Undergrad: 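Please find one structure pasted underneath; my questions will follow.
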Number of protein chains: 2
Amino acid sequence: MTARKAQRTARLIDLLSQRRVIHLSEAAALLGVSEMTVRRDIANNQGQIAYLGGHILAAAEIEADIPYELATAADSHAAAKREACVHAVRKIRPDETIFIDCGTTLIHLVDLIPDNYQITAICYAMNVAERLSRKANVTIIMLGGVYHPASASFSGTHDFEILNSVGINAAFLSAAGVDAKRGATCEHFHEAVVKQKVMGLARENYLVIDSSKIGKLKRAFFSAMDGFDAVITEHGEVGADSFQPQA
Amino acid sequence: MTARKAQRTARLIDLLSQRRVIHLSEAAALLGVSEMTVRRDIANNQGQIAYLGGHILAAAEIEADIPYELATAADSHAAAKREACVHAVRKIRPDETIFIDCGTTLIHLVDLIPDNYQITAICYAMNVAERLSRKANVTIIMLGGVYHPASASFSGTHDFEILNSVGINAAFLSAAGVDAKRGATCEHFHEAVVKQKVMGLARENYLVIDSSKIGKLKRAFFSAMDGFDAVITEHGEVGADSFQPQA
DNA sequence: CCTGAATTGTGAGGATTTTAACAACCGCTC
DNA sequence: GAGCGGTTGTTAAAATCCTCACAATTCAGG
């Protein structure tokens, strides 16, 4: 590997850090070499550079595992979650301030926020914040603290101080388990603390879940079922009689 | 848009959440439709699904402009930044608590933290937090607040309360401009507030920049040059005589 | 300056992808 | 069930991309 070769590869990676996607022909022109040479450079650096049908991109984009995907939710039910959020998003009105819980479910809600609504969104999970940051019409308020990898969320005693200074129209909450007798539960106690505080402040509280959660019981309790103004699943709003397993 | 169509699209997005990259022909087989139909589905959902030379991937990977890339730093100097961080990372010792500033420079520092060090890192930028979250040996503390898209950072009056409760061994700071007379400056005033607070608390303060920043002056002042224990560029630690343009 | 190895460029072919037009099909209303 | 708009499948031509072999160039060491 000559110095020229290594330098060209470095320049290419440099380009990718700015552009994410570069077409083979463009890269060849930019680097002042033939397409064939760029091709060979890529083949020699598969760890760092990914190649897909004529387009070059940083290997980090493709490769690897999905950063914040929760291990437990990897099996997903993504279609049901999305459908539940289609129902839930109707609860949002223009110019409101909403709270968005952590987890994979409410990511879909973010995507569904209409672009012509001016929304302020409060969150405490990194994946939610990241998704929110792509919406130009949303002001984001993030609760900081110590990071919990399992749920990609933050927690800290300072959450409350921010929350006390904000008026929340609607809180959209998720749960890992819903049980008719024991209520809504989640995996981590630190999440439960935030959920409870938010539910005490928000004007309306909506639980958004896919129906696979019904009948399950997890470690951390955070609310009885009558604490929610509505429970929304992929079938729309459901009544108290739906929380029995086998219902 | 019929229900069948929407459902098929949802299934496709579902697949992408597990697989990141799927070939057109494979997706067609998996969904039980022709390639042409999958093509058309993708064309109708460019917001969520990206397509590149026969391969389907989640739009998040590619999409739009790079979310957190600072507009002013799009020209990058990524190689110099990386090199500067190679020097800076030597300042970190095992089991320390460090502060990492926002911007594109210190992203490289995160990558360079040795895996056998047990580090607590404080940050207030989403891209830094995201990168930190990939390191299993780093405990992350995030300062929350209102999101500022231009720098992917958060700011709020509550930052200080968290900072007061943490002991910081070393703070790694970035700047958009360094001027011998006027000191270190950045683009946004809200950043300057955080930087100043941190510098007052940390035991050691290091400014990490690529040399293209030298001689530039930006809006928001945050420290005189003698406020830093060292200034680190791609050439290593540099002295006060280096801050003159043309030096 | 010569030589050999490594690197790079070129071009042809075959494979794949893209586009567009048209035909077949579905679900809905009248 | 006839008609209609919207959806899907099929096909062929055009554009693009990939592979491979070979020629040209560069570079280091003698």
Side-chain angles (χ1 to χ4, degrees), chain A residues 1-16 18-63 78-80 82-83 86-87 108 111-112 114 234-236, chain B residues 1-16 18-64 79:
Chain A
M1 168 100 63
T2 68
R4 192 168 63 253
K5 212 168 158 180
Q7 189 183 341
R8 197 176 48 221
T9 301
R11 270 226 288 162
L12 180 55
I13 293 172
D14 216 351
L15 286 170
L16 288 173
Q18 303 166 41
R19 287 273 316 272
R20 287 220 172 179
V21 185
I22 301 175
H23 193 271
L24 178 64
S25 57
E26 200 184 348
L30 251 33
L31 297 173
V33 294
S34 73
E35 296 190 6
M36 193 64 224
T37 298
V38 178
R39 250 181 233 284
R40 286 194 266 241
D41 285 358
I42 295 165
N44 291 329
N45 289 279
Q46 300 195 351
Q48 301 176 80
I49 304 172
Y51 187 70
L52 233 50
H55 305 265
I56 308 166
L57 50 170
E61 311 296 339
I62 304 301
E63 218 187 39
R82 188 185 316 275
E83 195 56 34
V86 168
H87 295 293
H108 302 292
D111 293 337
L112 292 166
E234 68 268 33
H235 307 301
Chain B
M1 171 97 66
T2 67
R4 191 166 65 251
K5 211 167 160 182
Q7 189 184 340
R8 198 175 49 221
T9 301
R11 271 226 290 163
L12 180 56
I13 293 173
D14 214 347
L15 286 171
L16 288 172
Q18 302 164 41
R19 287 274 315 275
R20 286 225 168 177
V21 183
I22 302 174
H23 192 272
L24 179 64
S25 58
E26 199 183 347
L30 252 32
L31 297 173
V33 296
S34 73
E35 296 190 6
M36 194 65 224
T37 298
V38 178
R39 250 184 233 285
R40 287 194 264 240
D41 285 356
I42 295 165
N44 291 328
N45 290 278
Q46 301 196 349
Q48 299 175 82
I49 305 171
Y51 186 70
L52 232 49
H55 304 266
I56 308 166
L57 49 172
E61 313 297 338
I62 304 300
E63 212 187 44

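Computed from a prediction, not measured in an experiment: that's the story for all the values here. Letters A, B, ... mirror the listed sequences (proteins, then strands); counts begin at 1.
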Undergrad: With rounding to the nearest 0.5 Å, note down the distance linking CZ in A:R39 to CD1 in A:I42.
TA: 8.0 Å
Undergrad: How bent is the helix from C:dC1-D:dG30 to C:dC30-D:dG1, measuring the angle between the end axes built from five pairs each, rounded to 10°?
TA: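 Helix axis angle between the two ends: 30°.
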Undergrad: Please confirm whether the shortest side-chain N or O distance from B:R8 to OP1 or OP2 of D:dT8 is below 4.0 Å.
TA: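 Looking at the OP1 and OP2 atoms of D:dT8, one of them is under 4.0 Å from a side-chain N or O of B:R8.
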Undergrad: Do B:V21 and B:L52 have side chains that approach each other closer than 4.5 Å (heavy atoms only, starting at C-beta)?
TA: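 No, too far: nothing below the 4.5 Å cut-off.
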Undergrad: For residues B:E35 and B:S25, report the shortest heavy-atom separation together with the two atoms involved.
TA: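 The answer is OE2-CB, 3.3 Å.
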Undergrad: Take the protein atom CG of A:D41 and the nucleotide atom P of D:dC18, then report the distance between them rounded to whole Å.
TA: 15 Å
Undergrad: I'd like to check the side chain to side chain donor-acceptor pair (under 3.5 Å) partners of B:E26; sequence neighbours left out, ordered by chain and number.
TA: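 With sequence neighbours excluded, B:E26 shows a side chain to side chain donor-acceptor pair (under 3.5 Å) to B:R19, given in chain and number order.
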Undergrad: To the nearest 0.5 Å, tell me how far B:I22 CD1 sits from B:H55 NE2.
TA: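 It comes to 12.0 Å.
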Undergrad: Does any non-hydrogen side-chain atom of B:L57 lie less than 4.5 Å from one of A:L57?
TA: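 Contact flag for A:L57/B:L57 side chains = yes.
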Undergrad: Atom CD in A:E83, atom NE2 in A:H235: separation rounded to 0.5 Å?
TA: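 Going from the CD atom of A:E83 to the NE2 atom of A:H235 covers 9.5 Å.
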Undergrad: What does the list of N/O pairs under 3.5 Å between the protein and nucleotides 10-17 of chain C look like, with a distance for each?
TA:
| unit_1 | atom_1 | unit_2 | atom_2 | d |
| --- | --- | --- | --- | --- |
| C:dT17 | OP1 | B:H23 | NE2 | 2.4 |

Undergrad: Kindly compute the distance separating CG (B:D41) from OG1 (B:T9), expressed to the nearest 0.5 Å.
TA: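 The CG atom of B:D41 sits 4.0 Å away from the OG1 atom of B:T9.
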